[in-house]
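Everything on this sheet refers to the single structure shown next.
Note: hydrogens, waters and symmetry copies are ignored here, and every other heavy atom, side chains too, is used. Given the structure is predicted, the values throughout are model-derived calculations rather than measurements.
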Amino acid sequence: MSETPELSPTETVFPNHAVYALALIFVIMGVVNSTPVIPGWDTLWQGITGIEKLKTRAFATEWFYPIVFFLMMLIVALKHSMWRDWRGTARAPLGAFMDIALVVAAAAISLTYLVEIDSVCLIDSLNGERARIMAQTLAAEIEFAETMGLPVPDTVEDPKCVNTTGVWLVAIMGISMLVFLGYNIKVWGLPLVAVALGIALYTIVTVLVWYFHGPDDVNKYLMTKLGASRAPSLMVFPTCMTRWSTPPQAFWDGS
């Protein structure tokens, strides 16, 4: 006898309506972001809203990507809810845990992306550290330009983030990837996830080798160098967040 309870149509109304609504928002966001250049379009909306720098297309990827990624994972959690499928069985608590873990992991990755990327530096922006560094750098650039008789700059490049997740970056990425792949077992089935899970575990172990031993204290033929001279943890995160052909994309493709 199957442990999966039969759900009445009324019990699936909310998740279905929520999935359709969020999916519609997801599609609209993608269509608006990829809207081609239309003469006068930006000016029209800037005039209507009164916001001079309003963007109506090609949104900044450092903000757009994490928002879309979180929305995508939320849709997956609603569409393939383990708790809903296992409700009334002994596996219901595990299902609820996995549903919550998926959403929390997606939020953690999105926030970590905003904290780590130099064009945002979320923590530095909130505590004023970013503005202070940029002001000091601009003052130094202006002084140098005046001394050398060069044009005076009015902007500076994005500074490196001071307050980041630090060593917790590997833990956040590792746990989140395991949650995503574990949830994907429900969506796709274990055989299709087994290879990706093995690669993810291998990558995490390799990064930990770098953290504990460094590039000089290990046999380079027995490890994988994920970046040339950069710490591997810094290579894992942007790879997962800026390339959509990654395990999280599988949720959307299979939903």
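How far CD of Glu157 is from CE of Met134: 10.0 Å, rounded to the nearest 0.5 Å. Rounding to the nearest 0.5 Å gives a distance of 13.5 Å between CG of Asn33 and CD1 of Ile28. Rounding to the nearest 0.5 Å places NE2 of His80 at 10.5 Å from CD1 of Ile75. Going from atom CG of Asn163 over to atom CD of Glu116 covers 10.5 Å, rounded to the nearest 0.5 Å. Here CH2 of Trp168 is found 8.5 Å from CD1 of Ile175. Values are rounded to the nearest 0.5 Å. Summarising the geometry, atom CD belonging to Glu62 is positioned 12.0 Å from atom CG belonging to Leu122; distances are rounded to the nearest 0.5 Å.
Here the closest heavy-atom approach between residue Pro151 and residue Ala145 is recorded as O-CB, 3.5 Å. Closest approach of Thr56 to Trp45, counting heavy atoms only: CG2-CB, 3.7 Å. Nearest heavy atoms, Met98 versus Gly182: CE-C, 4.1 Å. Heavy-atom minimum distance, Gly95 versus Met82: CA-CB, 3.5 Å. In terms of heavy atoms, Ala90 sits closest to Pro93 at O-CD, 3.5 Å. Scanning all heavy atoms of the two residues, the minimum distance from Cys121 to Pro159 falls at SG-O, 4.0 Å.
Taking the six-membered ring where tryptophan is involved, the planes of Phe69 and Phe180 are perpendicular, since the angle between them exceeds 60° and thus also 30°.
The closest side-chain heavy-atom distance from Met29 to Phe59 is not below 4.5 Å. For the pair Leu111/Phe70, no side-chain contact is recorded, criterion being any heavy-atom separation below 4.5 Å from C-beta on. In this structure, the side chains of Cys161 and Asp118 come closer than 4.5 Å at one or more pairs of heavy atoms.
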(message) The test is side chain to side chain contact (heavy atoms under 4.5 Å, CB included); show your working for Arg91 and Asp85 and say whether it passes.
(response) CA-CA 9 Å; Arg91 294 181 294 177; Asp85 290 348; over 6 Å; no
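Taken together through direct or relayed side-chain contacts under 4.5 Å among Ile, Leu, Val, Met, Phe, Trp and Tyr, Val19 and Ile67 form part of one hydrophobic cluster. With hydrophobic clusters built from ILVMFWY side chains whose heavy atoms lie under 4.5 angstrom apart, Ile133 does not share a cluster with Val115. Cluster membership for Ile25 and Met73, using ILVMFWY side-chain heavy atoms within less than 4.5 angstrom, is shared. Residue Leu181 is grouped with residue Leu94 when hydrophobic side chains (ILVMFWY) are merged at heavy-atom distances under 4.5 angstrom, including chains of intermediate members. Clustering ILVMFWY residues whenever any of their side-chain heavy atoms sit less than 4.5 angstrom apart, transitively, puts Leu74 in the very cluster that holds Phe97.
Between the side chain of Arg84 and the backbone N or O of Lys79 there is at least one donor-acceptor pair closer than 3.5 Å. Side-chain atoms of Asp124 come within 3.5 Å of backbone N or O of Val162 as a donor-acceptor pair. Between the Thr112 side chain and the Leu169 main chain, no donor and acceptor come within less than 3.5 Å of each other. Proximity of a side-chain donor or acceptor of Thr35 to a complementary backbone N or O of Val32 within less than 3.5 Å is detected. Counting only distance, with no hydrogens or angles, the side chain of Asp99 and the backbone of Trp83 share a donor-acceptor pair below 3.5 Å. The closest donor-acceptor contact from the side chain of Tyr183 to the backbone of Ala101 lies at 3.5 Å or more, if one exists at all.
For Phe64, the CZ atom sits in a packed shell: over 12 heavy atoms of surrounding residues, nucleotides or ligands are nearer than 6.0 Å. Counting heavy-atom neighbours within 6.0 Å of Glu143 CD, excluding the residue itself, gives a total of 12 or less.
Under 4.0 Å is where a charged nitrogen must lie from a carboxylate oxygen, and between Arg130 and Asp158 at least one such pair does.
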